[in-house]
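Atoms within each ligand, like the ligands themselves, are counted from 1 in listed order. Reckoned from all heavy atoms, side chains included, excluding hydrogens, waters and symmetry mates. The structure displayed is predicted, hence computed values, not measured ones.
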Amino acid sequence: MDLDDRHEFGRSGDVPANARTLWHGRFTGGPDEALLAYTVSLPFDQRMWADDIAGSTAHVNGLARAGLLTADEREAILAALARVADEMDTRTFEFVETDEDIHTAIERRVTELAGPAGGKLHSARSRNDQVATDLRLWCRRELRSVAARLVDLQRVLLDQALAAGDTYLPGYTHLQRAQPVLLAHHLMAHGWALGRDVDRLIDALDRMDVSPLGAGALAGSSLPIDPFGTAEELGFAKPFENSLDAVSDRDFVAEALFVLALVGVHLSRIGEEWVLWTSAEYGFAVLDDGFATGSSMLPQKKNPDIAELARGKSGRLIGNLTGLLTTLKGLPLAYNRDLQEDKEPLFDSVEQVALAVAAITGMIATATFVPERMQQAADEATMAATDLAEHLVRSGVPFREAHAIVGDHVRRALADGSELRDLVEADPRLGDDGAALVADGVAVAMRRSHGAGGPAARPHQIEAYREMLAAESDALGL
Ligand code: ARG
């Protein structure tokens with residue numbers, strides 16, 4: 001996707017008196033400047049030009065198979081489409097005032113280039129089935145690429161997890177230190193969340209694998225078109241079953257926006273942690289200079305702007321989803337111009353998530369962790385409190401009672417500044433065995449059940465994570 005495309009062809013000035021629209025036959029006057037200014041979608045939908053050419057090519061081949069175009073006419077239109085593709089590619093395509101959207105622009109140019117044959121391009125087709133087709137083609141390509149970027153981020157999380165060795169840090173609940181976990185465990189936790197996002201994208205891609213081409217404006221055609229043939233040529237699994245549904249369905253956009261919003265939420269949570277981790281108060285990680293920013297005034301500053309923007313931009317991704325759902329909810333069947341509002345949120349969310357994933361991936365890949373700081377925080381004696389209670393459970397004490405016994409020791413240690421370890425050692429129910437649990441680095445090793453945060457549970461988790469990556473790569477053909 002080209003970020004520069006957005007405003008390149010903004011228009012200004014008067015509408016020429018001879019301006020011709022696709023619907024000029026029914027109208028005596030041309031479009032007013034205010035109408036064009038308000039209704040055009042060209043500034044943002046021109047990024048679908050390649051998809052529009054692909055859709056039109058399949059349509060032209062279908063018309064020829066149906067006997068609606070001669071071989072010469074087909075050739076002439078295909079040559080014109082190829083020329084348009086070249087003009088788009090080299091940015092020499094000249095848009096005119098009445099090019100309302102990319103579909104109109106391409107059809108106008110094809111007609112100029114192919115002569116009378118060009119006028120047959122739109123037989124048995126409407127912009128309604130055309131735009132729905134183009135947008136699915138666009139989504140198919142771009143969502144796969146977002147998924148591939150997410151897999152890269154998952155890989156970086158695994159690489160860092162492997163490099164982290166036995167480093168551990170406090171695991172938190174309520175942002176209060178709770179129990180120590182391996183850094184590897186923490187990093188891979190985010191990787192699992194992203195794995196579900198990749199899954200959701202694959203699933204959404206599967207569901208959107210339906211061609212709307214041939215639905216016409218809303219009700220199909222009297223001409224002998226072949227939606228199966230065009231669906232196949234475009235690489236869709238199948239054609240639509242109901243023409244009204246085909247042109248009014250934007251579920252695939254809503255689904256994409258939901259998944260992208262959820263990715264945004266996941267990146268935001270990662271971002272929030274990195275903001276904390278890189279603060280002097282935590283000091284758990286140091287960002288590479290290439291992935292941090294400085295301050296214009298404060299010479300000492302090194303700021304985690306990527307992490308902050310990942311957090312901040314999640315609001316916009318959620319907004320894009322709620323905006324589209326709100327647009328869709330009041331629409332009667334079938335096509336309504338409101339549907340044009342599907343594109344900007346979609347393009348924006350895809351663009352923003354792609355940028356965010358790339359930046360976060362680089363930030364994590366290049367960061368340096370500070371194991372001393374992490375382990376110092378995790379070696380606080382109270383972090384073994386649950387293990388002390390579970391030690392009592394092993395000797396038959398009901399957990400509720402064990403919880404109260406250990407809680408009492410913690411309260412006393414906090415009240416008079418005595419060492420928890422000494423109180424434990426002096427308690428005959430806990431004694432030396434209990435005291436041993438309070439030693440540095442022991443609590444993390446105790447986290448050994450399935451899926452737990454300690455080293456004993458790690459090999460299986462790494463294996464399962466690798467299997468997840470392999471399945472994703474398989475599904476995406478990476
Ligand atoms: N630009 C329009 C869109 O994005 C194309 C479809 C216009 N169809 C119509 N009947 N006016 O939805």
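For ligand 1, none of its N or O atoms has an N or O atom of Glu100 under 3.5 Å away.
Side-chain N/O atoms of His122 and Arg125 include a donor and acceptor closer than 3.5 Å. A side-chain donor-acceptor contact under 3.5 Å links Ser349 and Asn320.
Among all protein heavy atoms, the one lying closest to atom 8 (N) of ligand 1 is Asn128 OD1, 3.0 Å. In terms of protein heavy-atom proximity, atom 11 (N) of ligand 1 is closest to Arg127 NH2, 3.5 Å. Scanning the protein heavy atoms around atom 7 (C) of ligand 1, the nearest turns out to be Tyr335 OH, 3.5 Å.
Taking every heavy atom of Lys343 and a limit of under 4.0 angstrom, the matching atoms of ligand 1 come to 3 (C), 4 (O), 12 (O). Here is the list of ligand 1 atoms found below 4.0 Å of a heavy atom in Asp101: 1 (N), 2 (C), 5 (C). Residue Ser41 has at least one heavy-atom neighbour below 4.0 Å for each of these atoms of ligand 1: 1 (N). Heavy-atom contacts of Gln340 reach the following atoms of ligand 1: 1 (N), 2 (C), 3 (C), 4 (O), 12 (O) (cutoff under 4.0 Å). Atoms of ligand 1 found under 4.0 Å from any heavy atom of Val131 (numbered from 1 in listed order, with element): 4 (O).
Ring geometry for His450 versus His460: interplanar angle of 30 to 60°, hence tilted. In this structure, Phe95 and Phe93 have tilted ring planes: the angle between them lies in the 30° to 60° band. Ring planes of Phe369 and Trp277: perpendicular class, angle over 60° (limits at 30 and 60°).
Across every non-hydrogen atom of Tyr465 and Leu158, the tightest pair is CE2-CB, 3.6 Å.
Geometric assessment of Arg140 against the ring of Phe236 yields a positive cation-pi assignment under the 6.0 Å and 45° thresholds.
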